[in-house]
Amino acid sequence: MAVVRRSVIEVRSSEDIVRVRQDVRNSAIAQGFNLVDQTKLVTAASELARNVVQHGGGGTVEIILVNDAGRRGVRLIFADHGPGIPDVEQAMTDGFSTVGGLGLGLGGARRLSNEFRIDTAPGKGTRVTIGRWH
Amino acid sequence: MEKIPILKLGPFLLVTIQVDMHDQLALSLQDELAARIVSTRARGVLIDISALEVVDSFIGRMIGNIAAMARVLDAETVVVGMQPAVAITLVELGLSLDGVRTALNVDSGMALLQERVTAGS
């Protein structure tokens, strides 16, 4: 697997979430994604970046353009040093929210991605990795 | 401070969202619309999202809130112009925009609102 490009964005505010959407869109375009695939990845990124701001108290989004055996993809890593998630299964359930939202963020982001991985523990922050392939 | 313009067109309010809204901007649009519905006694709100390339759960919730709030204030909301890629993504995200009327474009959205006003008078 070859990393074509890697960049990191700090996310603290809702303006930063807009920037994540723009950078992820540009990365998806650079990797040749069609409009629907771009939109799915950007929407997933928006949900997860908002989690970093709302639950993690800010953090980083890493955007990695990857090529693997002729396939082109984008991998995104959302990391924060917030309180972590005590019950991941519950947090992944549609409709579960601790901030009065719709509770579609994690579950929705998983459905919109080809790869999804979450590493978290109480007090250890949260790290969500998603990938989508062309 | 950036702001999304709300136009008054007869008994209706017309909002065209042309920027990638950050969350605070979406929230202030919601508040502003509530105030304008009351001050103009609007019977309907038409929201054109044809320029929006992403509708995530936050924006989706805002749209649902606006529709619910307008209903309580005796106004109908119609959302028009959703891009196909956005519609596909919204459904996969798990957001069905229940209780929000939609139309393909501004013309048919206006026709929906007109019908409602005519039926009510």
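Here is how names work: the chains are called A, B, and so on, in the same order as the sequence lines, proteins then strands, and each is numbered from 1.
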| said: Test of understanding: clusters of I, L, V, M, F, W, Y form through side-chain heavy atoms closer than 4.5 Å, transitively. Do A:V8 and A:L65 belong to the same one? | reply: no
| Does a sphere of radius 6.0 Å around CG in B:L7 hold more than 12 heavy atoms from other residues, nucleotides or ligands, not counting ones at 6.0 Å or beyond? | yes
| Same cluster for A:V66 and A:L48 if Ile/Leu/Val/Met/Phe/Trp/Tyr side chains link at under 4.5 Å? | no
| When clusters are formed by joining ILVMFWY residues with side-chain heavy atoms under 4.5 Å apart, either directly or through shared neighbours, do A:I130 and A:I64 land in the same one? | no
| Residue among A:L112, A:L35, A:V42, A:V53 with most heavy-atom pairs under 4.5 Å to chain B | A:L112
| According to a 4.5 Å side-chain heavy-atom criterion applied to Ile, Leu, Val, Met, Phe, Trp and Tyr, with indirect links allowed, do A:V52 and A:I85 form part of one hydrophobic cluster? | yes
Output all donor-acceptor pairs under 3.5 Å across chain A and chain B; consider backbone as well as side chains.
{"unit_1": "A:S14", "atom_1": "OG", "unit_2": "B:H22", "atom_2": "ND1", "d": "3.4"}
{"unit_1": "A:S14", "atom_1": "OG", "unit_2": "B:Q24", "atom_2": "OE1", "d": "2.7"}
{"unit_1": "A:R21", "atom_1": "NE", "unit_2": "B:D20", "atom_2": "OD1", "d": "3.0"}
{"unit_1": "A:R21", "atom_1": "NE", "unit_2": "B:D20", "atom_2": "OD2", "d": "3.3"}
{"unit_1": "A:R21", "atom_1": "NH2", "unit_2": "B:D20", "atom_2": "OD1", "d": "2.6"}
{"unit_1": "A:R21", "atom_1": "NH2", "unit_2": "B:M21", "atom_2": "O", "d": "2.8"}
{"unit_1": "A:R25", "atom_1": "NH2", "unit_2": "B:E53", "atom_2": "O", "d": "3.2"}
{"unit_1": "A:K40", "atom_1": "NZ", "unit_2": "B:E92", "atom_2": "OE1", "d": "3.1"}
{"unit_1": "A:S46", "atom_1": "OG", "unit_2": "B:D56", "atom_2": "OD2", "d": "2.5"}
{"unit_1": "A:E47", "atom_1": "OE1", "unit_2": "B:S57", "atom_2": "OG", "d": "2.7"}
{"unit_1": "A:E47", "atom_1": "OE2", "unit_2": "B:S57", "atom_2": "N", "d": "2.5"}
{"unit_1": "A:E47", "atom_1": "OE2", "unit_2": "B:S57", "atom_2": "OG", "d": "3.0"}
{"unit_1": "A:R50", "atom_1": "NE", "unit_2": "B:D23", "atom_2": "OD2", "d": "2.6"}
{"unit_1": "A:R50", "atom_1": "NH1", "unit_2": "B:D56", "atom_2": "OD2", "d": "3.0"}
{"unit_1": "A:R50", "atom_1": "NH2", "unit_2": "B:D23", "atom_2": "OD1", "d": "2.9"}
{"unit_1": "A:R50", "atom_1": "NH2", "unit_2": "B:D23", "atom_2": "OD2", "d": "3.4"}
{"unit_1": "A:R50", "atom_1": "NH2", "unit_2": "B:D56", "atom_2": "OD2", "d": "2.9"}
{"unit_1": "A:G100", "atom_1": "O", "unit_2": "B:R61", "atom_2": "NH1", "d": "3.1"}
{"unit_1": "A:R111", "atom_1": "NE", "unit_2": "B:E92", "atom_2": "O", "d": "2.8"}
{"unit_1": "A:R111", "atom_1": "NH2", "unit_2": "B:L93", "atom_2": "O", "d": "2.7"}

| note | So, the part of B:L90 with a heavy atom under 4.5 Å from chain A: the answer is neither
| remark: Max heavy-atom pairs within cutoff under 4.5 Å with chain A, candidates B:I88, B:L95, B:L93, B:V54, goes to B:L93
| task | Side chain from CB out, backbone as N, CA, C, O: work out which of these in A:I17 comes under 4.5 Å of a heavy atom of chain B, or both, or neither. | result | side chain
| Between B:L52 and B:L13, is there a shared hydrophobic cluster once you connect ILVMFWY residues whose side-chain heavy atoms come closer than 4.5 Å? | yes
